Amino acid sequence: MEAGRLGFVPDTVIQELGWDDDVDADLRASIETHTGNALVDGEATEVVDGVILWWRDGDGDLADALMDALADLADGGSIWLLTPKVGRDGYVSGAEIAEAAPVAGLSTTTTSSATTDWAATKLSTHKR
């Protein structure tokens, strides 16, 4: 999946949470190239235009992680939840995502294949 298909546009700042050795380096590089900015981590003190959250079964409470991901997100920004695909270590069920998203005040809008090993679910804040 290209960064443009994630809805990211040039000259935006994207925060990356949940990084580990198993993330997809090509997708990360695509986002950085497309936006023209390096991904920022959870220690960033700036408002960000979007968030990618790498999440695996066993990482903790997904609803809490999604609420934390909202902390630096600009109004109108989206969170892309990246989870291992079915059959991969750390697989997270769609039911778990559907249960956690509304607790965090988010709606699931799109789910698609991001890479060979990762699925991407777009989460957006509720319209007011």
Side-chain angles (χ1 to χ4, degrees):
M1 175 176 270
E2 298 174 3
R5 284 191 46 215
L6 294 173
F8 299 143
V9 296
D11 201 31
T12 54
V13 177
I14 307 303
Q15 185 175 52
E16 177 183 43
L17 303 172
W19 182 92
D20 207 339
D21 293 337
D22 61 348
V23 303
D24 189 278
D26 291 339
L27 179 59
R28 295 177 80 251
S30 172
I31 293 168
E32 290 180 334
T33 299
H34 187 75
T35 62
N37 292 303
L39 294 169
V40 297
D41 64 20
E43 303 302 313
T45 57
E46 60 196 291
V47 173
V48 297
D49 302 297
V51 174
I52 59 170
L53 172 59
W54 303 94
W55 192 260
R56 304 141 201 91
D57 183 50
D59 279 355
D61 185 280
L62 180 54
D64 285 346
L66 292 172
M67 285 186 268
D68 290 346
L70 288 168
D72 300 322
L73 187 63
D75 287 342
S78 296
I79 296 171
W80 280 94
L81 178 64
L82 297 159
T83 57
K85 289 183 176 176
V86 175
R88 306 297 198 286
D89 284 345
Y91 167 71
V92 176
S93 72
E96 183 177 344
I97 296 167
E99 184 178 305
V103 172
L106 296 165
S107 298
T108 303
T109 59
T110 306
T111 300
S112 58
S113 177
T115 69
T116 303
D117 294 321
W118 294 88
T121 302
K122 184 178 183 181
L123 303 168
S124 298
T125 55
H126 294 299
K127 303 282 188 262
R128 296 180 194 239

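Just so it is clear, the model here is predicted, and its values are computed rather than measured. As a basis for the values below, the full set of heavy atoms in this structure was taken, side chains included, without hydrogen atoms, waters or symmetry mates.
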>> Using a 3.5 Å distance criterion without hydrogens, assess whether the side chain of Trp80 forms a donor-acceptor pair with backbone atoms of Leu6.
In response: yes
> Between Ala101 and Leu123, what is the shortest heavy-atom contact and its length?
Replying inline: CB-CD2, 4.0 Å
> What residues form a side chain to side chain donor-acceptor pair (under 3.5 Å) with Arg56, not counting sequence neighbours?
Replying inline: Asp22, Asp59
>> Within this structure, what is the CG-CD distance for the pair Leu73 and Gln15, rounded to the nearest 0.5 Å?
In response: 8.5 Å
> What pair of heavy atoms forms the shortest contact from Ser124 to Ser78, and how long is it?
Replying inline: OG-OG, 3.6 Å
> According to the ring pair (Phe, Tyr, Trp, His ring centres under 6.0 Å) rule, which pairs have a member within residues 15-41, sequence neighbours left out?
Replying inline: none
> Which atom names give the shortest non-hydrogen contact between Leu17 and Gly42, and what distance separates them?
Replying inline: CD2-CA, 3.6 Å
>> Under the rule for side chain to side chain donor-acceptor pair (under 3.5 Å), what residues qualify as partners of Thr111, not counting sequence neighbours?
In response: Thr121
>> Under the rule for side chain to side chain donor-acceptor pair (under 3.5 Å), what residues qualify as partners of Asp117, not counting sequence neighbours?
In response: Arg88
> Looking at Leu27 and Asp24, what are the two nearest heavy atoms and their distance?
Replying inline: N-OD1, 2.7 Å
>> How close do Leu66 and Ala104 get, counting heavy atoms only, and between which atoms?
In response: CB-CB, 3.7 Å
> Going by heavy atoms in the side chains, are Asp26 and Thr115 under 4.5 Å from each other?
Replying inline: no
> In the hydrophobic clustering (ILVMFWY, side-chain contacts below 4.5 Å, transitive), which residues join Met67, or is it alone?
Replying inline: Val103
>> Holding to side-chain contact (heavy atoms from CB on, under 4.5 Å), I want the full list of residues that pass it with Glu32, two or more places apart in sequence or in another chain.
In response: Ala38, Leu39
>> I need the full list of salt bridge (Lys or Arg N to Asp or Glu O under 4.0 Å) pairs touching residues 89-101, with sequence neighbours left out, sorted by first then second residue.
In response: none
> How would you list all residue pairs meeting side chain to side chain donor-acceptor pair (under 3.5 Å) that involve residues 37-51, not counting sequence neighbours?
Replying inline: none
>> Can you give me the closest heavy-atom contact between Trp118 and Leu82, atom names plus distance?
In response: CZ3-O, 3.3 Å
> With a 4.5 Å limit on heavy-atom distance, are the side chains of Leu106 and Leu70 in contact?
Replying inline: yes
>> Suppose the criterion is salt bridge (Lys or Arg N to Asp or Glu O under 4.0 Å): which pairs have a residue in residues 64-78, not counting sequence neighbours?
In response: none
> Just how far is it from atom CG of Asp57 to atom OH of Tyr91, taken to the nearest 0.5 Å?
Replying inline: 10.0 Å
> Below 4.5 Å, heavy atoms only, C-beta onward: do Ile52 and Phe8 meet side chain to side chain?
Replying inline: yes
>> Tell me every residue that passes side chain to side chain donor-acceptor pair (under 3.5 Å) with Trp54, counting only those two or more places apart in sequence or in another chain.
In response: Glu16
